[in-house]
Amino acid sequence: AFQNDPAERHAQLLALQDLILEGDINQEFFDALIEKHNAEYGVRTRFRSSTNAEDVSGFNGAGLYTSRSGDPNDPDYPVEDAVRTVWASCWSRRAFEEREYYGINHLEIGMAMLVHRSFPDEEANGVAITANVYDTTGLEPGFYVNVQAGGESVVLPLAGVTSDQFIYYFDLPGQPISFIAQSNLVPAGETVLTNAQTYTLGVALKAIHEYFYEAYGDQSFYGMDVEFKFDGEPGEEPQLYVKQARPYPGWGDQ
């Protein structure tokens, strides 16, 4: 019935998720997690899914799994619930069906977590590719940037919401920018990032691209997929935070 009846499959996946959400967490692991959190963060942190069934050649798995924020000092954000929610998302209906479609063995799936500080009130967030995804020949090198004001998602935006998308020709004279789309969450005629912020991002993207070139740069096409935010206290110039960098899925045999 699980294999042949979508309704039954959904019900059983929900039941499995409930078991995970209500289950006990290994106390030794949890104590070590809280100790590390208090020693290195001290603020609300984000627990992000990091499975072995995403960001692989031919299957990026974008948006399939869940991330949650946790703070041991805030009862509204219990860390144990954040951890269990991320684990349980491995068995959501959408994640299961997409893995099934691509022929991925569910019994070999592992869910780890990437943990970093939370950004509840960031000025901007986005993703960037350290290559020009519209020119795979490499004749017009540039950085592809997709960035949005505040915390609105650029991967799964609300209906009708658009973001700034552009190619940043960082290595060309004058560093021109070619816009593909523009955000409708900022006033007309304005951009999500200032010129100074765009330059700061470009410096970081170039450094990331060059750092990982030795590992991935011998492929036909090469680019790093970078997630970033600009965040700062009120009245301060927002700083760039790079959350993660990984090989751009589907480029070369990764």
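Throughout, numbering of the chain's residues begins at 1 and tracks the sequence. Predicted, not measured: the structure shown is a model, and the values here were computed from it.
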With a 4.5 Å heavy-atom cut-off, do Tyr144 and Gln165 have their side chains touching?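 A side-chain contact under 4.5 Å exists here.
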So does [Y] get a backbone contact from the side chain of [X], meaning a donor-acceptor N/O pair under 3.5 Å?
X	Y	result
Gln17	Ala88	yes
Asp225	Ile129	no
Asp135	Leu139	yes
Asn184	Thr162	yes
Asp71	Gly42	no

Residues clustering with Leu158 (ILVMFWY side chains joined when closer than 4.5 Å, directly or via others):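 Members alongside Leu158: Val161, Leu185.
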For a quick check under 3.5 Å, do [X] and [Y] share a side-chain donor-acceptor pair by atom type?
X	Y	value
Tyr199	Gln175	no
Asp164	Ser183	no
Gln244	His116	no
Arg46	Ser69	yes

To check you understand the geometry: which heavy-atom pair defines the closest contact between Met111 and Ser49, and what is its length?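 Looking at all heavy atoms of both residues, the closest pair is SD-CB, 3.7 Å.
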Considering all heavy atoms of both residues, which atom of Phe179 and which atom of Ile177 are nearest to each other, and what is their separation?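 Taking every non-hydrogen atom into account, CE1-CG2, 3.7 Å.
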How about Asp24: does its CG atom have over 12 heavy atoms from other parts shown lying under 6.0 Å from it?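 No, the 6.0 Å shell around CG holds no more than 12 heavy atoms from other groups.
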Evaluate the ring planes of His37 and Tyr41, with Trp represented by its six-membered ring, and classify them as parallel (under 30°), tilted (30 to 60°) or perpendicular (over 60°).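 Tilted, since the angle between the ring planes falls between 30° and 60°.
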Worked verdict on Arg117 versus Asp231 for salt bridge (Lys or Arg N to Asp or Glu O under 4.0 Å): CA-CA 11 Å; Arg117 58 157 290 187; Asp231 187 60; 3.2 Å; yes
Check this for me: does any side-chain nitrogen of one of Glu22 and Arg84 sit under 4.0 Å from a carboxylate oxygen of the other?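 The answer is no: the pair does not qualify as a salt bridge.
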Ionic contact status for Glu227 with Arg48, cut-off 4.0 Å: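 A salt bridge is present here (some side-chain N lies under 4.0 Å from a carboxylate O).
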For [X], give me all partners under salt bridge (charged side-chain N to carboxylate O under 4.0 Å, His left out), at least two apart in sequence or on another chain.
X	value
Glu54	none
Arg44	Asp74
Asp171	Lys206

Donor-acceptor pairs under 3.5 angstrom involving side-chain atoms of residues 234-242: please list them, not counting sequence neighbours.
residue, atom, partner, partner atom, Å
Glu236, OE1, Glu233, N, 3.4

Among Tyr248, Tyr216, Tyr222, Phe170, find the residue that satisfies the ring-ring contact (aromatic ring centres under 6.0 Å, His included) test when tested with His209.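 Passing option: Tyr222.
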Run the side-chain donor-acceptor check on residues 5-14: report pairs under 3.5 Å with partners two or more places apart or on a different chain.
residue, atom, partner, partner atom, Å
Asp5, OD1, Ala7, N, 3.0
Asp5, OD1, Glu8, N, 3.4
Glu8, OE2, Gln12, NE2, 2.8
Arg9, NE, Glu97, OE2, 2.7
Arg9, NH1, Phe2, O, 2.8
Arg9, NH1, Gln3, O, 3.0
Arg9, NH2, Glu97, OE2, 3.1
His10, ND1, Arg93, NH1, 3.3

